[in-house]
2 protein chains.
Amino acid sequence: MKIATWNVNSIRSRLAHVVEWLENQPVDVLCVQETKVVDADFPKADLEAIGYTAYISGQKSYNGVALLSREPLESVSMGFTSVLGSPLAETIADLDEQKRVITGVLGNVRIVNLYVPNGSAVGSEKYEYKLRWLATLRDYLKSLLLEDQGLVVCGDFNIAPDDRDIYKPEGKENHIMASPAERQALQTTVLDLGLVDAFRQLHPEAGQFTWWDYRTAAFRRDAGWRIDHHYISPQLGDRLVDCVIDKVPRGWEKPSDHTPVILELG
Amino acid sequence: MKIATWNVNSIRSRLAHVVEWLENQPVDVLCVQETKVVDADFPKADLEAIGYTAYISGQKSYNGVALLSREPLESVSMGFTSVLGSPLAETIADLDEQKRVITGVLGNVRIVNLYVPNGSAVGSEKYEYKLRWLATLRDYLKSLLLEDQGLVVCGDFNIAPDDRDIYKPEGKENHIMASPAERQALQTTVLDLGLVDAFRQLHPEAGQFTWWDYRTAAFRRDAGWRIDHHYISPQLGDRLVDCVIDKVPRGWEKPSDHTPVILELG
DNA sequence: GAGTCGACTG
DNA sequence: CAGTCGACTC
């Protein structure tokens with residue numbers, strides 16, 4: 001089973017790339033983020049034409065996630081509320097307004113597709129939102145881990161787990177996506193639940209990136225970040241075959257600033 | 001000598017069309033309107049690469065005119081003020097803020113390239129501006145007619161001279177571009193000076209258009225207007241060979257809403 | 001419907 | 001730098 005993640009930075013602007021990529025990389029499920037489109041305008045038909053059903057949770061302009069699957073998914077749900085119950089506690093009741101969470105089950109694997117808030121700048125209001133969102137994610141994942149099946153949590157985490165995941169980490173100690181509080185949140189939210197970073201498990205070397213800023217010719221200089229991840233639950237450990245970054249689409253015309261990452265389970 | 005006029009609706013968006021058209025229609029001078037770009041950003045080099053020098057008068061977002069010429073032009077000037085003298089009368093001192101007028105001389109022919117205000121809606125403030133602008137144009141053209149050479153006045157006039165120049169004129173009696181006051185202004189400003197509509201002189205039939213609204217599939221229905229004209233002074237009368245509308249570029253991908261018109265002088 | 005800009009986000 | 005939207009113009 002192959003499960004890929006790709007922040008497409010607008011599904012409408014990137015539709016041709018997604019179609020071309022899926023035709024050459026027939027993964028079972030592609031988790032996309034930043035679809036930036038309301039559900040009514042999501043290009044479902046174009047994806048159905050190449051054999052993929054789209055499960056979507058979109059909003060206007062910002063955010064938006066979708067699961068593109070060759071086989072029907074079961075138990076699909078959107079947002080934290082669907083799992084944690086409604087109403088959420090007052091402090092987190094707003095977190096589902098931004099469409100950043102969708103999940104579904106294929107075979108005996110639950111797939112969670114996340115678009116973690118960017119956080120803007122360390123200490124900003126958006127940064128506090130990001131940390132609050134991650135705290136809620138922990139409860140969400142804990143609930144899903146109670147299910148009797150494997151769990152794959154993937155998406156754009158907007159966090160580089162350690163310095164190997166950043167081009168020239170010196171001086172970025174308090175940069176957004178690398179700050180101690182964000183890394184600690186990732187630890188508490190994901191790793192402490194027993195979930196494992198599949199790519200890092202297999203590839204210990206530094207300098208493997210999934211996102212390159214459009215500005216400053218970052219891709220040409222390979223000045224990237226590894227912020228798109230797959231985390232797998234313990235019971236999937238012995239099914240882990242590989243996890244690879246496909247840098248090719250980042251080099252296409254008018255690309256997304258992210259490139260796909262593919263998890264293969266045996 | 002061939003002198004063409006084309007409202008390109010953004011020279012930057014239409015650069016490839018203009019280059020392709022000039023390579024297949026090597027006119028001596030192409031008068032373009034609605035360049036929508038400040039002079040610093042006008043794509044002069046791309047036009048020089050195909051043998052055309054650009055004389056430009058641009059502004060941000062709106063309006064903007066240019067003369068693209070294979071041979072150097074003489075006595076190039078921009079705006080009413082350059083001819084009528086500055087300061088203009090107080091009632092018209094603002095008319096050169098919008099870049100709608102450029103002129104130059106090739107051989108013994110003065111070419112005036114105009115982008116007449118659209119006027120928005122009959123009776124509106126913009127409509128009054130259009131009529132005021134046309135009144136000033138009369139003085140401008142009278143001055144130029146004193147020069148001892150032929151005069152070609154072309155561009156986007158945003159006026160259909162008579163009902164043959166409108167698809168289904170019924171009900172458009174007081175439509176912008178067809179209202180009596182606009183037609184009268186065209187008569188007073190241009191025709192009463194002895195200038196002749198070159199296209200109409202040679203082609204009396206109705207239904208020959210140069211502009212089709214992007215909306216309502218106007219081009220497919222041929223629901224157009226003839227609002228792009230060449231007016232020639234009496235001394236050029238016996239040099240008039242032809243005046244033709246080239247509808248082809250209106251059918252290209254992502255076209256301007258106007259198509260070129262070519263005047264040929266012997 | 002298609003071009004522009006400016007504000008916003010990443 | 002690249003995507004979105006909303007306001008504006010034609």
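Quick note on labels: first sequence line is chain A, next is B, and so on, each numbered from 1.
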Rounding to a whole Å, what distance do you find between [X]:[atom1] and [N]:[atom2]?
X	N	atom1	atom2	value
B:D156	D:dC10	CG	P	11 Å
A:N118	D:dC1	CG	C1'	15 Å
B:Y127	D:dT9	OH	P	19 Å
A:D257	D:dT4	CG	P	13 Å
B:Y62	D:dA7	OH	C1'	8 Å
B:H258	D:dC10	NE2	P	11 Å
B:N9	D:dC8	CG	P	19 Å
B:E125	D:dT9	CD	C1'	15 Å

Any salt bridge between B:D41 and B:K60, counting N to O under 4.0 Å?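 A salt bridge is absent here (no side-chain N lies under 4.0 Å from a carboxylate O).
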Under-4.0 Å salt bridge between A:R183 and A:D163: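 The answer is yes: the pair qualifies as a salt bridge.
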Taking only residues two or more places apart in sequence, or in another chain, which ones meet A:H230 in a ring pair (Phe, Tyr, Trp, His ring centres under 6.0 Å)?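 With sequence neighbours excluded, A:H230 shows a ring pair (Phe, Tyr, Trp, His ring centres under 6.0 Å) to no residue whatsoever.
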Partners meeting ring pair (Phe, Tyr, Trp, His ring centres under 6.0 Å) with B:F80 (sequence neighbours left out):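 So B:F80 forms a ring pair (Phe, Tyr, Trp, His ring centres under 6.0 Å) with B:W133, B:Y140.
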Base, sugar-phosphate alone, or nothing: which one does A:Y115 contact when heavy atoms must sit under 4.0 Å apart?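 Sugar-phosphate, no base atom in range.
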Does OP1 or OP2 of D:dT4 have a side-chain N or O of A:S13 closer than 4.0 Å?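 So the side chain of A:S13 is within the cut-off, an N or O lying under 4.0 Å from OP1 or OP2 of D:dT4.
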Look at the side-chain N and O atoms of A:R14 and state whether any lies under 4.0 Å from the OP1 or OP2 oxygen of D:dG3.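 For D:dG3, OP1/OP2 do have a side-chain N/O of A:R14 under 4.0 Å.
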Kindly say whether the aromatic ring centers of B:H175 and B:W225 come within a distance under 6.0 Å.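 Yes: the rings meet the under 6.0 Å criterion.
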State, without any angle test, whether B:N63 and B:E34 hold a side-chain donor-acceptor pair at a distance under 3.5 Å.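 On atom types as modelled, these side chains do not qualify, holding no pair under 3.5 Å.
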Taking all atoms of both residues into account, what is the closest heavy-atom pair of A:I176 and A:Y127, and its distance?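 Closest pair (atom of A:I176, atom of A:Y127, distance): CD1-CD1, 3.5 Å.
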Hey, where on DNA chain C does chain A first and last touch, going 5' to 3'? Cut-off is any atom under 4.0 Å from a heavy atom.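 Footprint of chain A along DNA chain C, 5' to 3': C:dC8 to C:dG10.
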